[in-house]
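Throughout, a chain's letter reflects where its sequence line sits, starting with A, and its residues are numbered from 1.
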2 protein chains.
Amino acid sequence: MTAPLNERKKNILRAVVLNYIKTAEPVGSRTVTRTCRTGLSPATIRNEMADLEEMGYLTQPHTSAGRIPSQKGYRYYVDNLMDPDESCNDDESALISSVNSEKMREIEQIIVSSAKVLSSVTNQTCLIMGPQFKKSAFHQIRILPLDEKRGLVVLITDTGFIKNKVIDLQQNLSPGELQQVVSYLNHKLCGLTIDQVTTSLINELKRDLFRRLEILEQAFILLEESLKEEKQIRVFLGGTTNILNQPEFKDVDKIRRMLNLFEQEALLFKILEDSSSEDDIVIRIGAENEVADIQECALVTGTYKIHDKTLGAVGVLGPTRMDYSRVISVLRRMVDHLNSCLSS
Amino acid sequence: MTAPLNERKKNILRAVVLNYIKTAEPVGSRTVTRTCRTGLSPATIRNEMADLEEMGYLTQPHTSAGRIPSQKGYRYYVDNLMDPDESCNDDESALISSVNSEKMREIEQIIVSSAKVLSSVTNQTCLIMGPQFKKSAFHQIRILPLDEKRGLVVLITDTGFIKNKVIDLQQNLSPGELQQVVSYLNHKLCGLTIDQVTTSLINELKRDLFRRLEILEQAFILLEESLKEEKQIRVFLGGTTNILNQPEFKDVDKIRRMLNLFEQEALLFKILEDSSSEDDIVIRIGAENEVADIQECALVTGTYKIHDKTLGAVGVLGPTRMDYSRVISVLRRMVDHLNSCLSS
DNA sequence: TTTAGCACTCAGCTTCATTGAGTGCTAAAG
DNA sequence: CTTTAGCACTCAATGAAGCTGAGTGCTAAA
């Protein structure tokens, strides 16, 4: 339906987008002539910009102001005009690589410091979803007797997560019997991913075991909680204050709404989840986001893997006036780095 | 040095504080006559207020405005005028009691949801320090072989924390040998608190064990990390947006500084730590706080215990214009509740 | 098709006067 | 000596009026 843009219009659109990204001020025809360096006069540019506005790529905040890109304009820029291979500079690379340098043991630490680095490099707010436990597969289950009445259930997945939980052993249990239960569980569960363990499977297991020994009611709580956990995936934030530096957020009310959003982990999760099915980097501009509260924002997301399993997503959130090519290149680098860190 | 206030001045100061807490507007002499209900005329009140200002309990934002309490004024109010026994109402009590109702297993969950409830009841921002691991004592150490090369170290404290970590076992190790090492460690460490385990003690242990079997280099990493952890205590925040609703934070720049503070966990920790030595509730008003960024705020803190050991602190942070008596009663209730939750 | 010229628009800033809440001071009343 | 009424004064806040400048749309000429 929309006619393809000719070369000149493309150049003008690009100039407007780049200028607006840099200055956050509406871009006038004179400014374009200066940046665009094609010997055209402002008047010509004005005509072209009027066209671009009619086509929906630009808008005017008021009659006597310059133009700013519309959501459609940004989309066109991202899809057709942007230099996709802008690589991030050495300082940034170094910062990104530093995330794991000091042998961070805990996966959570890696995630948190990634969020910090990513937000400070991009000057935007950054969200990282913690690893999705439910996509991991059982590796083994152990039960470690602590004292007469209590035991420690340890659950290990193929992606290296370890979960544990103290349970009450309701009656004395010989090591041999315990061993039997454990190997039965391992036999049944090994290789299944967490989200394949349905409540019905758990009930089946319970039936089998009750027949043999009437204990271990509590041992299953860990399993059941693991299932519930899918809704409890943590989302880590970095650089929440960065968004306040953007001129589009100088309004206290907008800030309030944004921060409110940041406190609702479930929403943050939804934001990231929407994009985490794709394997490559995804860009959502304005209303392309499903979550209403960020429809004035742009979100650039990628996913990270452990041993080739996609376990979580990383996103950079900012105003639609975002330096897309920079963010994309930084994010791509971060994702690569995370993948190699986590898989080793 | 400061003369004691007579009854009339006390009443007036109380009236000013209460009014200002409620309205956030400077309080004029007429308003005081209305609330104070002593048949005095505004002129008399004016004279008294002028006295109170000279004594430093009140200040005037500008010559033709009403008075607002100074930091000293709040302090006097809190120490001498406030009704200390205002109890929180049933709805609030119910909300507080709800924290643990659905059998929250993880201590972290309890802490996080406490922060949420406390902030929503007080309409302020709320900080809770996670339990201080270093104050716990060793209960036992276990090493659980996972496969040929790896083992899981499990560390259990008397307060019920469980920490674990996968380690590499550098050479094959018979269960018997492993058992020997573990019981030696238990023997040496049992009963010590985490912060009693110095680097020198660890080195001594290493020497002893190296003499016997030259392995387990890595087993000590968990110990060493536990020591480092003292600086890594997590502080949980609740209701960060509440502070934005306070009229004193309508300035974007103040908001920025505040949120910046909220991102610096180390500072938050320092804020809480300063007050967590005391056993009772502590109130710090304005410059009484050491941390510079909250010297326009008031902080009310309490501590929580597990089995009578003080392990962490809870604080409510807001503008100095805070409803102290309410916050105190709510916080007291929350602390009591936490104590009983965590010790069971 | 492009450009120069010109009238027009409109947000943002400054200036100025007005308003009203509240004060301090003084002199009279209790 | 204490309290009160009266009055002049101060000052933030509000809003109207006018100015400025960046930028536009349109038209006519190159």
Legend entry - For DNA chain C, the residues among residues 11-31 of chain B that have a non-hydrogen atom under 4.0 Å from it: Gly28(B), Ser29(B)
Inset, instruction - Under the side-chain contact (heavy atoms from CB on, under 4.5 Å) rule, collect the residues that match up with Ala266(A), sequence neighbours excluded. - result: none
Legend entry - Results of side-chain contact (heavy atoms from CB on, under 4.5 Å) for Ala43(B) - residues two or more places apart only: Ser41(B), Arg46(B)
Legend entry - Smallest separation among heavy atoms of Met82(B) and Ile328(B), with atom names: CE-CD1, 3.7 Å
Legend entry - Arg326(A) with Glu92(A): basic N within carboxylate O range, under 4.0 Å: yes
Legend entry - Side-chain N,O (Thr44(B)) to OP1/OP2 (dT4(D)) below 4.0 Å: yes
Inset, instruction - Searching all strands shown, indicate the nucleotide that pairs with dA28(D) (Watson-Crick or G-U wobble; both distances under 3.5 Å). - result: dT3(C)
Legend entry - Flag if over 12 foreign heavy atoms under 6.0 Å of NZ, Lys116(B): no
Legend entry - Boundaries of the chain A footprint along DNA chain C (any atom under 4.0 Å from a heavy atom): dT2(C) to dA11(C)
Legend entry - N-O pairing of Asp280(A) and Arg332(A) below 4.0 Å: yes
Legend entry - Contacts of Lys250(A) that satisfy side-chain contact (heavy atoms from CB on, under 4.5 Å) - sequence neighbours left out: none
Legend entry - Residues touching DNA chain C, which here means a heavy atom under 4.0 Å, drawn from residues 45-53 of chain A: Arg46(A), Asn47(A)
